[in-house]
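Just so you know, these numbers come straight off a predicted model, no measurement behind them. Numbered from 1 within each chain, the chains take letters A, B, ... in sequence-line order.
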Number of protein chains: 2
Amino acid sequence: MPTRKPRSSRTGRATMADVATAAGVSAMTVSRALNRPDKVSEEVRARVAEASRRLGFVPSRLAAALATARSMTVTVLIPSLTNSVFIDVLAGIQETLSPHGYQPVIGVTGYAPEEEERVLRTQLASGPDGVILTGLDHTPATWDLLRGLPTPVVHTMDLARNFAGDTDDALTVGFSQFDAGHAVGRHLVERGRRRIGLIAGQLDPRTRQRCDGWRQALVEAGLHDPALELMVPDSTSVALGAELLERMLAAHPDLDALFLCNDDLAQGALFHCARRGIAVPGRLAVAGFNDLGGAAWTIPPLTTVATPRHAIGVEAARLLLAAINGNDNGPRSVDLGFRLMVRETT
Amino acid sequence: MPTRKPRSSRTGRATMADVATAAGVSAMTVSRALNRPDKVSEEVRARVAEASRRLGFVPSRLAAALATARSMTVTVLIPSLTNSVFIDVLAGIQETLSPHGYQPVIGVTGYAPEEEERVLRTQLASGPDGVILTGLDHTPATWDLLRGLPTPVVHTMDLARNFAGDTDDALTVGFSQFDAGHAVGRHLVERGRRRIGLIAGQLDPRTRQRCDGWRQALVEAGLHDPALELMVPDSTSVALGAELLERMLAAHPDLDALFLCNDDLAQGALFHCARRGIAVPGRLAVAGFNDLGGAAWTIPPLTTVATPRHAIGVEAARLLLAAINGNDNGPRSVDLGFRLMVRETT
DNA sequence: CTGTTAGCGCTTTCAC
DNA sequence: GTGAAAGCGCTAACAG
């Protein structure tokens, strides 16, 4: 009598036991044949492979995770999905983790430390083998959670040495937002500008650090005027950049240079200038931040700061993988730097 | 003698059993107190909550998933992380799933059906409660896998009725790429253009359908010239748009209108025109596709097609949730349409 | 309302 | 090289 496929599982899927029966071996041998082929005889391996294919066997990673206490997932917390900055980081993470069999699992925090804490808490329930967070500004409870983890944690986009609080000797991968802002400020000063303004939105800690750096550079040059700072909490966009520039110009017609904390704002500013016939850089110099896709293609091409977003993702994942594998002797903090891209708007 | 926290778990974390002991109840009661509070006495609930908090208990979703056969995850397969089109869809999915406790788990397919099949296979191992895919162009083996699933599947960005192959009465959410392309073609014709060209990159099935629609419109008007089609496999970018337009203009100086299958290409084309002093729309009309962030802010503002990417994500997730909850009586195919955004480049 | 029993599907450990 | 037993941490199903 022909053997029927015995689908024992509740889910209707074949289990290892099913494959075992079909192959005439024990479940344990199936497990070995699939995971450590070298630990099993050539012949058995073939039989198991055949049975496995015939039954359309898909091993349950859930069960494996429970048994081994390794989920093969990595929790990745980012502030927003619609900000391409974090998507670039995520892409780097995913490309690096994936070949090693690890699955990034995304959590979106909406730029709010409390939400980050909540999301982290729920994600920890699925027992990730590692955690990658954005920034170092977490709630005390979040730090507690992280401290209690048996798995490694990497913080991105910032560096421990630039952080005011206690970072517990955390693993960090990023660059100095402060230095980057400072570089822009100095560049504008060196171009001979005297009335240098600042427009910023989405005031997360990293944006603030950039602004701090810029301010410091102006103070050093004796050129800082607080009235020329326009900082709003709204999320950045092309439209917002145009609008804020209009506002600033109305109040300070003598403005001759401007740092906008993100390229989309800068693009909006350039658009406003084009419409109003304001010469760039003749009358107004404009600098952005991040070197997003279109920055080299604005008219005129935008001076901005290129940030190593993708590389940060790659490096964060590498550090995490190393830590997961017990390599604790690597660097604890990786500074990937930034590059001031001087183009034609300054 | 003071009771020590008995951390029985291998992972060093407290288990339900630990909490149970600490609260003086059974593990089952802890489970109920946490998941169905109404099924438990006020007093016990409080005791469990207290013990749970004191031990820093984080329930293992893995174990729960294994026991209930519900992982509370949804596999989401997209071609690319760096194409904002899919990120917008993803954001819609994530926002909709998240409040219901479902975790989207992303897989990246690189626009390759074979890779999609591979990624899907590995993801199925973690027993998702649903699957959301991009497009309807899957390998036969992928269709087999999907058919065999006990969980619902939703296909996005396309509509079953527009698909050439057999779709198994699949759930689909999207819009007609063909009609959208057709609308652009007709619009250009109606603007009185005679030498209407096409530039396309990233030739996935959806791009091809858009091109087909455009071509159809020109054929209908008796204006189609195959020589004016420039289709390349490269992924789209601003730089590519500029380059391809230059090439096309060299070969066909009489070109008077152009459809570019993605806004970044169109932006590059506009840039090239600005640099070469080609009047838009005077000498050359330009239309893009997708209405990405900057499209309204190019100079002049770009005519393009607004696609409901976010809404597609939201609706796909809704349909999936309904199906997971056994509501099979809703629509099987949702057409979210598109809007031709006529601005100043045509 | 609460507890007991059994088991999800896999892997660890130890025999053989 | 292979198998049997036990258990990962939770919950379904039943009993009380």
Between [atom1] on residue [X] and [atom2] on residue [Y], distance to nearest 0.5 Å:
X      : Y      : atom1 : atom2 : answer
A/F163 : A/T172 : CZ    : OG1   : 11.0 Å
A/T109 : A/I78  : OG1   : CD1   : 8.0 Å
B/T156 : B/L171 : OG1   : CG    : 12.0 Å
B/S41  : B/R47  : OG    : CZ    : 7.5 Å

Between [atom2] on [N] and [atom1] on [X], what's the gap in Å once rounded to a whole number?
X     : N      : atom1 : atom2 : answer
A/M16 : C/dC10 : CE    : P     : 5 Å
A/E42 : D/dT2  : CD    : P     : 11 Å
A/D18 : C/dG9  : CG    : P     : 9 Å
B/F57 : D/dC10 : CZ    : C1'   : 9 Å
A/E43 : D/dT2  : CD    : P     : 8 Å
A/L62 : D/dT11 : CG    : C1'   : 14 Å
B/R13 : D/dC8  : CZ    : C1'   : 12 Å
B/L66 : D/dG7  : CG    : C1'   : 12 Å

### Task
Kindly assign one of parallel, tilted or perpendicular to the pair A/F86 and A/Y111, based on the angle between their ring planes and the thresholds 30° and 60°.
perpendicular
Pair [X] + [Y], salt bridge at N-O below 4.0 Å:
X      : Y      : result
A/R118 : A/E115 : yes
A/R206 : A/D158 : no
B/R45  : B/E42  : yes

### Message
Let's see if you get this right: which residues in residues 23-33 of chain B place a heavy atom under 4.0 Å from DNA chain D?
### Response
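Under 4.0 Å from DNA chain D: B/M28, B/S31.
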Taking the side chain of [X] as heavy atoms from C-beta outward, which of [options] is closest to it?
X     : options               : answer
A/A67 : D/dT11, C/dT11, D/dG9 : C/dT11
B/S41 : C/dC1, C/dC10, D/dG1  : C/dC1
B/A63 : C/dG9, D/dA12, D/dC10 : D/dC10
A/V44 : C/dC10, D/dT2, C/dG7  : D/dT2

### Query
Are the side chains of B/V19 and B/M16 in touch, meaning some heavy atoms are under 4.5 Å apart?
no
### Message
For the helix from C/dC1-D/dG16 to C/dC16-D/dG1, what angle separates the axis at the start from the axis at the finish, each from five pairs, in steps of 10°?
### Response
30°
